[in-house]
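Sequential numbering from 1 along the given sequence is applied to the chain's residues. None of these values were measured; they are calculated from a predicted model.
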Amino acid sequence: MRSKALCFGVIAVMMFAIPAIAHHSFAMFDATKTVTIEGKVKEFHWTNPHSWIFVNVPDAEGHTVEWAVELGSPSGLARQGWVPKTLTPGMKVTAVIHPLKDGTHGGQFMAVTLPDGTVKGNPNGAANANAGAAN
């Protein structure tokens with residue numbers, strides 16, 4: 001009987017530990033740098049645990065390069081006034097991000113300026129602010 005209780009306890013602990021282990025850190029982003037990208041929204045994924053913006057950005061030669069920008073959770077974004085249609089495909093945006101340390105085209109969201117001049121997030125946010133908490 002005692003071994004069954006112990007087994008049940010171990011299973012219960014594992015069930016709560018797995019989600020905590022699955023969440024990654026933000027160490028892949030260079031929080032000491034910011035990069036500003038300008039382009040057109042390809043896709044906006046309103047998904048858990050993190051939302052994503054995919055932006056087509058022209059490079060120096062005029063070729064289109066896709067950037068992947070990681071935001072916070074939909075619930076956190078909603079508290080900041082976001083909705084699933086805040087960004088739509090083809091929308092011209094300017095985004096401020098902490099770039100990926102490995103130099104690939106992506107980063108952690110700090111702020112985005114919409115076509116009407118509205119700024120979502122905080123381009124001057126603290127390192128690892130995740131989702132650019134409101135000013």
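Nearest heavy atoms, G72 versus L77: O-CD1, 3.8 Å. When every heavy atom of F29 is checked against every heavy atom of H98, the shortest pair comes out as CD2-O, 3.7 Å. Closest approach of G106 and I97 over heavy atoms only: O-CD1, 3.8 Å.
When atom types are taken as modelled, the side chain of T88 and the backbone of M91 share no donor-acceptor pair closer than 3.5 angstrom. In this structure a side-chain-to-backbone donor-acceptor pair under 3.5 Å is present from K120 to G81.
V57 and F109 fall within the same hydrophobic cluster, where Ile, Leu, Val, Met, Phe, Trp and Tyr residues are linked whenever their side-chain heavy atoms come under 4.5 Å apart, directly or through other members. A chain of hydrophobic side-chain contacts below 4.5 Å, direct or via other Ile, Leu, Val, Met, Phe, Trp or Tyr residues, connects L114 to V55. At a threshold of 4.5 Å between side-chain heavy atoms, the hydrophobic network of Ile, Leu, Val, Met, Phe, Trp and Tyr places W52 and V65 in two separate groups.
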With side-chain contact (heavy atoms from CB on, under 4.5 Å) as the test, would you mind laying out the steps for F54 and H45 before giving the verdict? CA-CA 8 Å; F54 296 92; H45 293 189; 3.6 Å; yes
For V69 and I37, what are the C-alpha separation, side-chain angles and deciding distance, and is it a side-chain contact (heavy atoms from CB on, under 4.5 Å)? CA-CA 10 Å; V69 180; I37 58 173; 4.2 Å; yes
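In the hydrophobic clustering, where aliphatic and aromatic side chains (Ile, Leu, Val, Met, Phe, Trp, Tyr) are joined below 4.5 Å either directly or transitively, V83 stands alone.
Expressed to the nearest 0.5 Å, how far CD of Q108 lies from CG of L100 amounts to 9.5 Å. Taking CE of M110 as the start and OG1 of T36 as the end, the distance is 11.0 Å to the nearest 0.5 Å. One distance of note links CG of L71 with CH2 of W46; it measures 9.5 Å at 0.5 Å rounding. Distance check, rounded to the nearest 0.5 Å: CG of N56 to NZ of K40 gives 9.5 Å.
For the side chain to side chain contact (heavy atoms under 4.5 Å, CB included) test, residues two or more places apart in sequence or in another chain that qualify with K33 are D30, P99.
Contact check for V93 versus F44: no side-chain heavy atoms found under the 4.5 Å cut-off.
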